[in-house]
Each structure stands twice: as C-alpha cells, then as structure tokens.
Amino acid sequence: MTTRCFVIGHPVAHSRSPLIHGGWLAEHRLDGSYERIDVAPDALAGFVARVRAGDFAGGNVTVPHKQAVLPLLDQIGDAALAIGAVNTLWREGGRLHGDNTDAAGFLAHLEERAPRWRDTVGCALVLGAGGAARAVCHGLRTRGVGRVILANRGRERADEVAAAFGAPVEARDWDDRHGLVAVADLIVNTTSLGMKGQPPLDLDLSALRPGTIVDDIVYVPLRTDLLAAAERRGGVPVDGLGMLLHQAVPGFARWFGVTPVVTPALRARLEADILQG
Ligand code: ATR
C-alpha cells in the first residue's frame with residue numbers, strides 16, 4: 001500500500017518540500033507519495049484526526065499551523081518543546097508524534113559548510129526573534145555555544161526568547177547589531193530581510209573579522225547581499241537552502257524507513273527551481 005505523506009499550510013502552494021521528498025521517493029524507488037494540502041485553520045483539528053486514524057503516515061506542518069498543532073498531538077519531542085513549534089508529524093504505535101527538525105537542519109548544514117565551526121565559535125549573533133530564531137538558538141544551545149546574542153527589531157520579542165531559553169541566550173537592542181559584528185564568530189540572519197521582495201538587511205560589516213561565519217537562512221535569492229558582502233570581507237558564507245534540505249531528512253526517515261542523503265544533484269534541482277522564480 002502506498003505510504004502517503006503531506007505538507008499542510010495555508011497557503012501551501014509555495015512549499016518546496018514536495019520537490020525534496022519527491023526526489024528522494026524516486027531515488028529510492030519507494031511506493032510513497034508526498035502531497036501539498038491546503039488546510040485552513042478551522043480545518044486543522046479535523047485533518048489531524050485523519051492522520052491519527054491512519055490516512056497518512058505523517059507529514060510536514062508549515063505556517064500558520066506550527067504552534068496550533070501542538071495541543072492536538074499525543075507526544076511532543078524535546079526540540080519542538082524548546083522551540084515552541086512543530087514542523088514534522090508521524091504515527092508511531094497508534095499515537096501521533098510531533099517534533100521540530102529546523103534546529104537539526106540548521107546544524108547539519110552549518111557542519112557541512114564549516115566543519116570546524118565548534119572549535120571557533122564562542123559567541124554567536126542571531127538577528128530576528130521568530131520561529132526560525134528560536135530553532136537556531138536551540139541548535140546553538142544544544143552544541144554548547146557559550147554566548148548567543150539575540151537582536152530583534154522589536155526588543156520585547158527578543159526578551160521573550162531570551163527569557164524562555166535562559167543562558168546562553170541574551171537579548172540586545174536592534175540598533176546594537178552593527179557594534180556586535182566585531183565580537184561575533186558566527187552571525188545568523190533569521191529575519192525576512194534580504195528575501196526577494198523585502199528590503200536588504202542593513203548590517204555594517206566593516207568590523208567583520210576574516211573567518212567569521214555568516215549564515216543567512218534566506219534562500220530566495222540563494223546568494224543574498226549579506227552573504228556577498230560577508231565573502232568580500234573574508235567571511236565564510238553559509239546559505240539558507242541547506243537548512244531547508246537538511247530539515248527534511250528526519251521526517252523522510254520516519255515515514256519511509258530510509259535515511260536520505262542531501263546530494264549535490266538534489267540541491268541543484270532546488271537551485272534551478274528557485275532561479276525559475
Ligand atoms: P519566522 O517564524 O519564519 O522566523 P517571523 O515570526 O515572521 O518568521 O519573524 C520574522 C522576523 O523578521 C522577526 O524577527 C521580525 O522582527 P519583529 O519581531 O520586530 O517583527 C523580522 N523582521 C521582519 N521585517 C523586518 C524589518 N523590516 N526590519 C527588521 N526586522 C524585520
């Protein structure tokens with residue numbers, strides 16, 4: 001019987017997850033499907049009941065359901081509890097499980113692009129305070145990074161994240177970000193700034209130390225102005241596409257029983273799709 005999986009969101013047409021999972025299904029010749037399903041907020045509980053009943057093996061959850069789905073689950077993983085959002089569901093022993101794989105995806109890609117990052121990163125500067133920032137903070141905390149400075153346009157939101165995580169996460173004013181560039185060994189943009197259709201991220205990199213890792217989770221465009229500027233100053237650029245690809249690995253492994261690999265060919269397919277617009 002075909003193993004059916006999904007990505008639910010509202011809207012969901014923009015999701016590139018079907019390209020990733022569809023690529024792995026074909027590569028491994030599995031009898032499975034991965035469908036985009038638009039689920040409006042008032043239909044979420046009904047859809048989750050169908051998953052629990054066995055209509056699907058599991059799937060991904062995107063905006064606006066990542067927090068709303070939490071009370072509908074039987075078991076919630078540690079990462080999802082820490083981040084406060086779920087992006088992956090699966091059935092196990094008749095129970096519905098949920099977890100968040102964004103932190104794992106962020107770390108896997110960082111390790112791929114900067115394999116020695118743990119030896120050099122004592123202090124990280126994270127820009128933004130949304131769900132992506134929480135995933136990055138969780139990831140950095142699990143790897144024992146000593147200091148994670150969070151700067152967000154709305155200071156209150158940064159304070160909330162810092163309070164929820166505690167040490168090593170601390171909040172600072174958005175205007176402080178330029179001065180923090182010199183003390184950071186890793187800078188992560190988790191805001192939507194720099195994304196196609198958005199203003200660029202205004203960050204003065206004149207004090208960037210060569211070798212500083214600059215990770216932009218934006219992946220449309222692939223090479224943001226931030227990454228280009230960082231590279232010109234001797235920084236190590238890490239793009240956002242790898243996080244998207246790697247966060248998909250644990251879900252696929254749960255649903256289909258095969259741990260897939262993020263190959264250059266799969267990445268190239270996603271890059272081509274992004275370039276097409
Ligand atoms: P996600 O869950 O994907 O991280 P989000 O919750 O919408 O998305 O968060 C978007 C982030 O981009 C926020 O940190 C937001 O700052 P605010 O909390 O102050 O809204 C940030 N952001 C969006 N537009 C911005 C802008 N023009 N200048 C600075 N930060 C901006």
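Ligands are counted one by one from 1 in listed order, and the atoms in each one are counted from 1 as well. Note that the numbering runs from 1 along the sequence shown for the chain.
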Residues forming a side chain to side chain contact (heavy atoms under 4.5 Å, CB included) with Leu30, sequence neighbours excluded: Leu25, His28, Phe252, Phe256, Val258

Side chains of His65 and Val48 in contact at under 4.5 Å (non-hydrogen atoms): no

I'd like a table of the close N/O pairs between ligand 1 and the protein (anything under 3.5 Å), one pair per line with both atom names and the distance.
from	atom 1	to	atom 2	distance (Å)
ligand 1	2 (O)	Gly131	N	2.9
ligand 1	4 (O)	Gly131	N	3.3
ligand 1	4 (O)	Ala132	N	3.1
ligand 1	6 (O)	Arg157	NH2	2.8
ligand 1	14 (O)	Ala129	N	3.0
ligand 1	14 (O)	Asn152	OD1	2.6
ligand 1	16 (O)	Asn152	OD1	3.2
ligand 1	18 (O)	Asn152	ND2	2.8
ligand 1	18 (O)	Arg157	NH1	2.8
ligand 1	19 (O)	Asn152	ND2	3.4
ligand 1	19 (O)	Arg153	NE	3.1
ligand 1	19 (O)	Gly154	N	2.9
ligand 1	20 (O)	Arg153	NH2	2.8
ligand 1	27 (N)	Arg153	NH1	3.3

Ile76-Val61 co-clustered via ILVMFWY side chain contacts under 4.5 Å: yes

Residues forming a side chain to side chain contact (heavy atoms under 4.5 Å, CB included) with Ile37, sequence neighbours excluded: Phe6, Ile8, Glu35, Val39, Phe47, Phe56

Linked hydrophobic residues, Val261 as query - side chain contacts closer than 4.5 Å: none

Reported CG-to-CG distance for the pair Leu125 and Asp185, which is rounded to 0.5 angstrom: 10.5 Å

